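All values derive from a computational prediction rather than experimental measurement. Lettering follows sequence order; numbering is per chain, from 1.
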There are 2 protein chains.
Amino acid sequence: MARGDKGEGQTGGIQSLDAALRLLGAMMERRGPASLSELARECRMPPSKVHRYLASFQHAGLVEQAGRSGKYDLGPGAVTLGLSALARHDFVNRASDALPDLCTESGLTALLSVWGNQGATVIRWERAASPTVTSMGLGTTLPLLNSATGRAFLAWAPPAPLRAIREAEMRHARKNPAIASDLVPTQRDIDKLVETIRAQGYASVEGRFIPGLVAIAAPILDWQGEAQAVATLIGTDPILVQPGSEAVTRLIAFCKELSFAPMTMADAK
Amino acid sequence: MARGDKGEGQTGGIQSLDAALRLLGAMMERRGPASLSELARECRMPPSKVHRYLASFQHAGLVEQAGRSGKYDLGPGAVTLGLSALARHDFVNRASDALPDLCTESGLTALLSVWGNQGATVIRWERAASPTVTSMGLGTTLPLLNSATGRAFLAWAPPAPLRAIREAEMRHARKNPAIASDLVPTQRDIDKLVETIRAQGYASVEGRFIPGLVAIAAPILDWQGEAQAVATLIGTDPILVQPGSEAVTRLIAFCKELSFAPMTMADAK
DNA sequence: AAAAGCATTGCATAATCTGGAAAATAACCT
DNA sequence: AGGTTATTTTCCAGATTATGCAATGCTTTT
């Protein structure tokens, strides 16, 4: 069971690194900080091993120890790494650059989100002289069913990555029916909602996620027609969500401009 | 030879992992894809070593190979990892959770604000036993020039969203010079004030906004170095605002803890 | 077409990681 | 507070595992 065993799992790489990355993956799956022993149990590794891996990750900034309690969590380096990786994709840069314009032209708060494994994650945030949400910041994850942003992902993102969160939110919605007042949490109703959103070209909510606020969201599509990111406008005037309103027009134009990057396949050289 | 050597670089972790993470750091610093040999040269490692590390990273999804030509770049897994980390560094929520501690430790009233459309907006409010305060509540907006909170935004928030309010307050201050006793409302003086605040690390006022009260405020910074939120301590004793006072120390530690500690995955050698 | 560059893979050596257990630390309960 | 449990962290010998050199395929250049 040793040397030339290419049976499985053999990546041609380094075993200890593979193990370390499994550990990192386990940390990623968790919602928050985890203790050493929890991680050790979850990865089926001896605690001493996990500890040494964590020490190296910590040294690199990928992991940090939350406030003296000895719990470990993903650190700033992980954010930096992710943003670097994100910056490799043109559409993110172009969208980020253009977002301020959208904000000033529409006079509304604009934000840009991408799909992470915890849901729709806000990566850019452009505040306008219009109603601003107070309890949200960069890095906030938005709900899939009850936010305009989430619904845009629901309608245009590939279904597979969404499924886990979609099901979780459906369960949650069944228990607290008050939350989603315009949505019966059944698969059928969701399909119908998706169809409506697609036909409209944008998603919207009125005061559902945050009372008193309305929002519209549209996708930035890649060459396969899947949402790579979602741009959202937030305001207070219910007029906003009306089809054909100035904000809707601007938002859709913005997203269309940024969709399917005009790159040629001939980047082979 | 290298056994008990704690002399340098020894993290208590795993050497091969440290090397691998140095490699990852090198990839991060590059703007785009890099060839194996380039990375090998840059990290001072033999190409074969780099190749095997990359194989493991690739297997984990952190790295991918661009179009068969053998160039390596950060992959989708890196984005996912970063977004997970981002979601945990939701500044506003973390700060909200920690605010009660700041309050009890300092024995002062603590509040947390973000920049809203109408100015610095109070979103959380933790009362101390002792003194208290006026008719302020959640959602109150604080002045930009005459409150410690506002001045912290002035010094650390991106200038664009502040401009409208700054100009309005400057106009107003010129008409009612009595209000801002320590500030001549000219652009030059404001620049000077900002500089002082930045150097100090916190902003303060003594009885300016509310007679008889003193306050100190420091920013919670995001990864762009911009203020995502501001934490403020309010008391009656003028000692508070002195540099080096216990309250100042606590407040700055609090904000530093919650701010995004910038960077650097790789340190040389 | 030949050559040069580059990524990829074997292989023996020894350096490195491993994992159990002890030491240090923190948390917990009475 | 004291005593006790449950963590996290460090230590150590052994052997698995990473390492670097050199050889092999590929692709690209002249």
According to ring-ring contact (aromatic ring centres under 6.0 Å, His included), who are the partners of A:F153, at least two apart in sequence or on a separate chain? A:W115
Might you work through the side chain to side chain donor-acceptor pair (under 3.5 Å) test for B:S113 and B:T149, ending with a clear yes or no? CA-CA 8 Å; B:S113 321; B:T149 308; 4.5 Å; no
Exam field: side chain B:Y53 to backbone B:L24, donor-acceptor pair closer than 3.5 Å: no
Measuring from the side chain of A:Y72 (C-beta onward, heavy atoms only), which nucleotide among D:dT9, C:dC17, C:dA7 has the closest atom? D:dT9
Is a side-chain donor or acceptor of A:R166 paired with a backbone partner of A:L144 at a separation under 3.5 angstrom? no
Once you build an axis from the first five pairs and another from the last five of the helix from C:dA1-D:dT30 to C:dA22-D:dT9, how far apart in angle are they, to 10 degrees? 60°
Should B:S96 and B:R124 be marked as a side chain to side chain contact (heavy atoms under 4.5 Å, CB included) after you check the CA-CA gap, both sets of side-chain angles, and the distance that decides it? CA-CA 7 Å; B:S96 299; B:R124 202 119 319 182; 3.5 Å; yes
Please determine, for the side chain of A:K49, which listed nucleotide (D:dT9, C:dA7, C:dG19) has the closest atom? C:dG19
Show me the protein contacts with nucleotides 21-26 of chain D, counting only N or O atoms at under 3.5 Å.
residue	atom	partner	partner atom	Å
D:dC21	N4	B:S48	OG	3.3

Please state how far atom NZ in B:K71 lies from atom P in C:dA7, giving the value in whole angstrom units. 9 Å
Answer yes or no: is there a donor N or O on one side and an acceptor on the other, between the side chain of B:E126 and the main chain of B:C103, under 3.5 Å? no
Check the distance between D:dT17's C1' and B:L17's CG and give it to me in whole angstrom. 14 Å
Measuring only between side-chain heavy atoms, which start at C-beta, is A:C43 closer than 4.5 Å to A:R22? no
Take atom CZ of B:R41 and atom C1' of C:dC6, then tell me their distance rounded to the nearest Å. 11 Å
Between P of C:dC6 and CE of B:M45, the distance in whole Å: 19 Å
Let me know, please, whether A:P47 or B:S16 comes out on the 5' side of the other along DNA chain D by nearest nucleotide. A:P47
Taking CG from A:D18 and P from D:dT17, how many angstroms apart are they, rounded to a whole number? 12 Å
Flag, side chain of B:Y202 to backbone of B:V241, donor-acceptor distance under 3.5 Å: yes
With sequence neighbours excluded, tell me which residues meet salt bridge (Lys or Arg N to Asp or Glu O under 4.0 Å) with A:E38. none
Determine: side-chain N/O of B:Y53 to OP1/OP2 of D:dT19, distance under 4.0 Å, yes or no. yes
Measure from the side-chain N and O atoms of B:R250 to the backbone N and O of B:L102, and report whether any donor-acceptor pair falls under 3.5 Å. no
Tell me the interatomic distance from A:L54, atom CG, to D:dT7, atom P, rounded to whole angstroms. 16 Å
Strand-adjacent residues in residues 33-40 of chain B, judged by heavy atoms under 4.0 Å from DNA chain C: B:S35, B:L36, B:S37
Any side-chain N or O of B:Q65 less than 4.0 Å from the OP1 or OP2 oxygen of C:dT8? yes
Of all heavy-atom pairs linking A:V79 and B:L86, the shortest is CG2-N, 3.9 Å
Can you check the A:H51 NE2 to C:dA23 C1' distance for me, whole Å? 13 Å
Return each pair, listed once, that meets side chain to side chain donor-acceptor pair (under 3.5 Å) where at least one residue sits in residues 73-82 of chain B; pairs must be two or more places apart or across chains. A:R88-B:D73
